[in-house]
Amino acid sequence: MKSFARNLYQQQNGQRYFSVALKKKVEHSIQEKQKVLNHFKKEHGNAKLGDVTVGQVIGGMRSMPGLLYETSKLHHLDGITYRGKDLYQVKEQSPKAPGGSEPLPEAALWLLLTGEFPSQSELQEFQTELFNRGQIPAEIEKLIKSFPKTMHPMTQLSMGVLACQPLSKFAKAYHDGIHKSKYWDPTFEDALDVCARVSRIAAIIFHNCYGDNNKIPTADPALDYGANFAKQLGFNDKTFWELMRLYIVIHADHEGGNVSAHATHLVGSTLADPYLSFSAGMNGLAGPLHGLANQECLKFLLDLQDKLGKTWTEDDIRQYVKDTLASGKVVPGYGHAVLRKTDPRFMCELNFADQFISKDDNLVNLVKACYRVIPNVLEATGKVSNPWPNVDAGSGALLMHYGLNQFDYYTVLFGVSRAFGVMAAQVWSRGLGLPIERPNSFTLEHLIKKVEHDHHIHHGHGHHGHK
Ligand code: HAX
């Protein structure tokens, strides 16, 4: 390790860690942003962002403005942007593994935290740092290995993260009376620890569920994060390592309102530490309407293959999709609440398949054929707002190609990736001093009375007369 880095070693909680360029950069940009925020709040705190409708209150707060979330923003055509960079820019500009073509998760984490990619030397230091932070004390590993094999992997992930909670530096600093202006600092420490540890927790769970948890491959300090995660899962194919790097980067963040990001943010707003908050986010990700959708999508493709065999035609797919719609079911992997174009995350998957997967993988070819056929069928219904594929349309087929066919585990991969976004966001939420969340709620009776009252006034019967 270079001497300048060694000099920056510090002691905290009896654990050695070093904070090199990253922490200084984060501190500096938080301070700058705080000034902007304070001024903006003072000058424009009363500016309106639109009206809230009864439909939104009843309808899951859909598209209702309500969160400040710094790390990423979703655009209905460009898809997700990390600090203003869309995924194509992220892929192009990110540092890569030697000889590799895919972006590196640790570089994406740096980007989400600072708005910039690390230099080569910063990246190397950061990789060493994440490797060191990724160690999990033996007694906690033992605890995770003791979870029943039959327990859903997502339950194990949430519990595994909680098992590490006693290691929280934020919880200790808070207990020791840290000044509120410094909350971001131990949050930063925990955020990096959680990102570093979550892949090890996930690897233990994989072997606990599907293999032998006494024979879990160890991480290698010479490897990057994505490669190490794949290696610990037991995959030594270098192309699969590239897939893991890409997978983690594209699933990392999707602005603040999705359930995993919002749940993490909400729980964190109580000053529950990053372990408690992230675990809460993972409980949300475990829901079938959120993180489990990729599993559903793969099932759709495999059922189609089962029914039609491997000699399917585009006409067969068209008919199969029409039958699916006629039976009152949705076509998984298609449509989106915000996007109105093919999800760039899906395009990244497709490009990966074109580059690395041979043209005779029937399942991958089926994904591509669906992309040619399904949007027209959905469009013809006249009601689907977005007939284009989302990220889940492709990921399962890619994982299957490399032999990762444990469907129940797919959401855990998503969870490892999501840590990078929501933990970076939490550093910023504490840095900007965001308060505890407390929106207003109503009973249905209140809502009805309020609307009747307003209607009454509007029609001139109230004592306020016409509006
Ligand atoms: N297949 C069939 N019908 C669909 C459809 C699809 N893929 N997508 C939308 N529709 C239907 C809706 O069910 C709705 O029908 P009703 O009016 O009869 O209720 C109508 O089209 C209008 O819906 P919408 O405005 O287009 O879509 P929403 O914003 O309400 O919902 C969903 C967005 C993603 C939930 C929706 O498109 C869907 O169910 N897709 C399939 C499931 C799926 O792929 N989920 C994964 C999302 C991945 C993600 O968000 N990742 O971040």
Side-chain angles (χ1 to χ4, degrees), residues 33-81 180 254-272 277 280-281 283-284 287-290 328 330 335-341 378-379 381-387 390 422 425-426 428-467:
K33 207 41 145 327
Q34 251 173 1
K35 285 185 212 151
V36 177
L37 176 77
N38 290 338
H39 178 74
F40 183 63
K41 199 164 72 177
K42 199 164 148 237
E43 295 293 316
H44 300 289
N46 290 324
K48 293 211 181 329
L49 290 175
D51 295 321
V52 174
T53 65
V54 166
Q56 286 177 307
V57 170
I58 296 171
M61 300 192 276
R62 194 74 78 255
S63 69
M64 189 192 285
L67 288 171
L68 185 66
Y69 191 84
E70 282 295 293
T71 48
S72 70
K73 177 70 188 150
L74 185 57
H75 184 271
H76 69 290
L77 296 178
D78 298 338
I80 191 64
T81 52
K180 62 182 177 182
H254 223 223
E255 74 174 32
N258 69 78
V259 168
S260 51
H262 189 194
T264 306
H265 182 80
L266 168 69
V267 173
S269 83
T270 70
L271 302 183
S277 319
N283 296 338
L289 295 187
H290 189 15
V330 296
H336 200 274
V338 180
L339 282 167
R340 293 297 173 257
K341 209 178 140 183
L378 290 180
E379 205 144 37
T381 65
K383 66 168 183 179
V384 179
S385 317
N386 176 42
N390 60 55
V422 300
Q426 187 143 91
W428 273 84
S429 298
R430 296 293 75 76
L432 296 179
L434 300 185
I436 188 166
E437 275 195 11
R438 183 54 173 95
N440 195 358
S441 80
F442 303 88
T443 65
L444 182 56
E445 206 169 29
H446 282 131
L447 279 183
I448 293 170
K449 279 201 178 129
K450 161 119 185 72
V451 170
E452 277 173 2
H453 178 74
D454 290 355
H455 185 78
H456 192 63
I457 290 174
H458 187 73
H459 289 279
H461 306 300
H463 46 269
H464 300 300
H466 274 282
K467 265 196 180 174

Between [atom1] of [X] and [atom2] of [Y], what distance do you get to the nearest 0.5 Å?
| X | Y | atom1 | atom2 | answer |
| --- | --- | --- | --- | --- |
| H265 | N258 | NE2 | CG | 12.0 Å |
| L339 | L77 | CG | CG | 8.5 Å |
| S441 | H446 | OG | NE2 | 9.0 Å |
| F442 | K450 | CZ | NZ | 7.5 Å |
| E452 | D454 | CD | CG | 10.5 Å |

For residues [X] and [Y], report the shortest heavy-atom separation together with the two atoms involved.
| X | Y | result |
| --- | --- | --- |
| T264 | G281 | OG1-CA, 3.4 Å |
| A272 | S277 | O-OG, 3.3 Å |
| L74 | I80 | CD1-N, 3.5 Å |
| R430 | G268 | NH1-O, 3.0 Å |
| A280 | A263 | O-CB, 4.1 Å |
| Q34 | L432 | N-CD2, 4.0 Å |

Excluding sequence neighbours, so at least two apart, what forms salt bridge (Lys or Arg N to Asp or Glu O under 4.0 Å) with K73?
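Testing K73 for salt bridge (Lys or Arg N to Asp or Glu O under 4.0 Å), a comparison that skips the adjacent residues, returns E255.
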
For the residue pair [X] and [Y], establish whether any side-chain heavy-atom pair is separated by less than 4.5 Å.
| X | Y | value |
| --- | --- | --- |
| V422 | Y69 | yes |
| N386 | H76 | no |
| V259 | L289 | no |
| L68 | L37 | yes |

Suppose we screen for ring pair (Phe, Tyr, Trp, His ring centres under 6.0 Å). Which residues come up paired with H254, at least two apart in sequence or across chains?
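Testing H254 for ring pair (Phe, Tyr, Trp, His ring centres under 6.0 Å), a comparison that skips the adjacent residues, returns H336.
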
If you draw a 6.0 Å radius around CE in M64, do more than 12 non-hydrogen atoms from other residues or ligands fall strictly inside?
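Above 12, so yes.
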
Are more than 12 heavy atoms, taken from residues, nucleotides or ligands other than E445, located less than 6.0 Å from that residue's CD atom?
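No, not enclosed.
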
Does H290 reach the main-chain N or O of S260 with its side chain, forming a donor-acceptor pair under 3.5 Å?
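Yes, the answer is positive, given that a donor and an acceptor are paired below the 3.5 Å cut-off.
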
Does A337 offer a backbone N or O that forms a donor-acceptor pair with the side chain of R62 under 3.5 Å?
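Side chain of R62 to backbone of A337: no pair is present.
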
